[in-house]
Amino acid sequence: MEKAGYDGLVSRHLNRKISRPITRLLAPTGVTPNQVTFISFLIALLASVAFALGFNVPAGLLAQLSSIVDGVDGEIARLKGLASPFGAFYDAVLDRYADAAIILGMVFWAVRFENWPGIWLLGLLALLGSLMVSYSAARAEASTGARFDHGFASLPSRDIRLFIVMLGSLMGQVYWTLVLLAGLTNLVVLWRVLSLKRRLNAG
């Protein structure tokens, strides 16, 4: 789930068009936002297992489905007035575990079918970059009030990362998808550090 106002490009133009009808269907039921958060996490785990078993196309589609369902919990919370600090915390924690599981599954797929050198190191860089994108955004806002919600600094938001995972998986290019994730996420984190330092010095 992205915070209100933090939707990435994929969430705004694709995911919300699907998640909102799902939310309208679930709103009259007793389903809670935290239950939807857990369902999104389970879908991500299924994507990881599918990657590890060699089914890259279903895995990529499941990763994208997880991203879509990840928006439903926040929509239900706002619609029913159930938004809470714990819900946001719970969502963020499970998102990080989901990201780690998907990347690990991709690494197993790449080892099995492509076996390029340095795959495990590449997977580690992709994982660290994905985690640091989220951490740097949360830490910057908590410490300075700065938001990385536009321009280059906002590029590797979670919805965009999972969309890249889907596209790469559909094309059978899981290794190069890991290369892209590792490079883009870590480059953006470095950019955020330098740009925030300049912003604070100027202020």
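- Among all heavy-atom pairs drawn from Ala63 and Leu162, the shortest one is O-CD1, 3.8 Å.
- Note that Arg199 lies outside the cation-pi zone of Trp191, set by a 6.0 Å cut-off to the ring centre and a 45° limit from the axis.
- In this structure, Trp116 is not a member of the same hydrophobic cluster as Leu121, with clusters built from ILVMFWY side-chain heavy atoms closer than 4.5 Å.
- Between the side chain of Ser195 and the backbone N or O of Arg192, at least one donor-acceptor pair lies under 3.5 Å.
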Side-chain donor-acceptor pairs under 3.5 Å in residues 41-62, sequence neighbours left out?
unit_1, atom_1, unit_2, atom_2, d
Ser48, OG, Ala101, O, 2.6
Asn56, ND2, Ser169, O, 2.6

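- When only modelled atom types and interatomic distance are considered, Asn15 and Gln64 share a side-chain donor-acceptor pair under 3.5 Å.
- A continuous path of Ile, Leu, Val, Met, Phe, Trp and Tyr side chains, each step under 4.5 Å between heavy atoms, connects Leu65 with Val10, placing both in one hydrophobic cluster.
- Counting only residues at least two apart or in different chains, salt bridge (charged side-chain N to carboxylate O under 4.0 Å, His left out) contacts with residues 99-112 comprise Arg96-Asp99, Asp99-Arg158, Asp99-Arg161.
- Contact between Asp159 and Ser11 at its shortest, heavy atoms only, is OD2-N, 2.8 Å.
- For the pair Thr29 (side chain) and Leu26 (backbone), a donor-acceptor distance under 3.5 Å is present.
- Under the 30°/60° scheme for interplanar angles, the aromatic rings of Trp120 and Phe108 are found to stand perpendicular.
- The main-chain N or O of Ser40 is found under 3.5 Å from a side-chain atom of Ser66 such that the two form a donor-acceptor pair.
- No option in Asp73, Thr32, Asp70 other than Asp73 meets the side-chain hydrogen bond (donor to acceptor under 3.5 Å, both in side chains) test with Thr37.
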- Would Tyr175 and Trp109 count as a side-chain contact (heavy atoms from CB on, under 4.5 Å) if you check the C-alpha gap in whole Å, the side-chain angles of each, and the deciding distance to 0.1 Å? CA-CA 8 Å; Tyr175 175 84; Trp109 191 97; 5.9 Å; no
side-chain contact (heavy atoms from CB on, under 4.5 Å) between Phe163 and Leu14, worked out | CA-CA 10 Å; Phe163 188 71; Leu14 174 63; 3.8 Å; yes
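- Scanning all heavy atoms of the two residues, the minimum distance from Val189 to Ser136 falls at CG2-OG, 4.3 Å.
- Under a 4.0 Å N-O distance rule, the pair Glu75/Arg16 qualifies as a salt bridge.
- Under a 3.5 Å cut-off, the side chain of Asn186 and the backbone N or O of Ala182 do form a donor-acceptor pair.
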